[in-house]
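All chains are named by letter (A, B, ...) in the order of the sequence lines, taking the proteins before the strands, and each is independently numbered beginning at 1. Quick caveat, the model's predicted, so the values are computed rather than measured.
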Amino acid sequence: MKITTWNVNGFRAVLRKNAFEWIPDVDPDVLCFQEIKATLDQISAEEAIIEPYEGIWNPAERKGYSGTATYYKNKPLSHEKGFGIEHFDIEGRVIRLKYPDFYLYNIYFPNGGEGNKRVPYKLEFYEAFLEICDDLHAQGENIIITGDFNTAHQEIDLANPKQNEKNTGFLPEERVWIDRYLEHGFKDAYRELYPEEEKYTWWTYRFNSRERDIGWRLDYYLVSDALMDRVEDVVIHSDIMGSDHCPVSLILKE
DNA sequence: CGTAATACG
């Protein structure tokens, strides 16, 4: 089974750029998109279709902002949008699919904002979601979390760690939440397999950053400890264009 | 700089 995550930074922008063309080549079983920045009524029915997938959209209430969509080949046992907490759910950040062996969460974690204004909301979101994961783990369930975490975990996860210690995305109080997830029964699948690799998944559109590879690793797969032996590979598709993020795939053994 | 609506990342 192959799962691919991609922060599209505007579903309509990706359509305009014809930038979904890589999908048949990568051929994921599930596609997790973040920052769709659209509702279904802003595009045609045809534009929402990605063959041969079926899609679930969870847009934010606010126009042109945030939002997630998950496309799958094989129908999950069930699916839910949000986590039942109003002030988080209105931003369309969460879609959960239930498969026989695990829950798959597609999540667009909050950005800390200009002047770190939204860091408190972001930290609350990490906290609330970890509690949900704790409950599921306590029930013996396995979980795969993927999406844009909006935080680089360690110095190895961004090109310029020193100069970003006071910027959202690399604040100590944000990074410690990734530590907490790992302490609560998750593995960072990419880092487990590639402890020394310096590869990024996001580059600002400014300053020619992508060409110069001045980036951050913000898009992760956190998998329950018990699932780690089923992880065959994690692939960062650095060459796939169309957004300021690149797609990342998780390949699971059956 | 880019996406999208006048803010946000």
#### Entry: Identified side chain to side chain contact (heavy atoms under 4.5 Å, CB included) counterpart of A:I3 within the set A:L31, A:L250, A:I251
A:L250
### Query
Whole Å only: how far is the CZ atom of A:R93 from the C1' atom of B:dC8?
11 Å
### Query
Roughly how many Å is it from OH in A:Y65 to C1' in B:dA5, rounded to a whole number?
14 Å
### Separation of the P atoms in B:dT6 and B:dC1, to the nearest angstrom
22 Å
#### Entry: Side-chain donor/acceptor of A:R118 to base of B:dG9, under 3.5 Å
no
### Message
Within residues 108-116 of chain A, which residues have any heavy atom lying less than 4.0 Å from an atom of DNA chain B?
### Response
A:Y108, A:N111, A:G113
### N/O donor-acceptor pair under 3.5 Å between A:N150 side chain and A:F109 backbone
yes
### Query
What is the nucleic acid contact for A:K63, judged by heavy atoms within less than 4.0 Å: base, sugar-phosphate only, or nothing?
sugar-phosphate
### Query
For B:dT3, does either OP1 or OP2 sit under 4.0 Å from a side-chain N or O belonging to A:R206?
no
### Query
Is A:R175 positioned over the aromatic face of A:F170, cation under 6.0 angstrom from the ring centre and no more than 45 degrees off axis?
yes
### Query
Base, sugar-phosphate, or nothing: which does A:K17 touch, judged by heavy atoms less than 4.0 Å apart?
sugar-phosphate
### Task
Quickly work out the A:K122 NZ to B:dG9 P distance and round it to whole Å.
10 Å
### Message
Between A:Y103 and A:K98, is there a side-chain donor-acceptor contact under 3.5 Å, judged purely by atom types and distance?
### Response
yes
### Task
Can you tell me the distance, in whole Å, between the CG atom of A:L15 and the C1' atom of B:dA4?
14 Å
### Query
For A:Q42, which contact category applies under a 4.0 Å heavy-atom criterion: base, sugar-phosphate, or nothing?
sugar-phosphate
### Message
Can you measure A:R12 atom CZ to B:dT3 atom C1' for me and round it to whole angstrom units?
### Response
9 Å
### Message
Expressed as a whole number of angstroms, how long is the span from A:D244:CG to B:dC1:P?
### Response
14 Å
### 5' precedence on DNA chain B between A:Y205 and A:H245 (nearest-nucleotide basis)
A:Y205
### Query
How about A:K166: does its NZ atom have over 12 heavy atoms from other parts shown lying under 6.0 Å from it?
no
### Message
Base, sugar-phosphate or nothing for A:R210? Non-hydrogen atoms, less than 4.0 Å.
### Response
nothing
### Query
Taking CD from A:E211 and P from B:dC1, how many angstroms apart are they, rounded to a whole number?
14 Å
### Query
DNA chain B: A:N9 or A:R62, which has the more 5' nearest nucleotide?
A:N9
### Distance, rounded to the nearest Å, where A:W202 contributes CH2 and B:dT3 contributes C1'
14 Å
### Task
Say whether, by atom type as modelled, one donor and one acceptor occur between the side chain of A:Y121 and the main chain of A:H87 under 3.5 angstrom.
yes
### Message
Using a 3.5 Å distance criterion without hydrogens, assess whether the side chain of A:Y220 forms a donor-acceptor pair with backbone atoms of A:T151.
### Response
yes
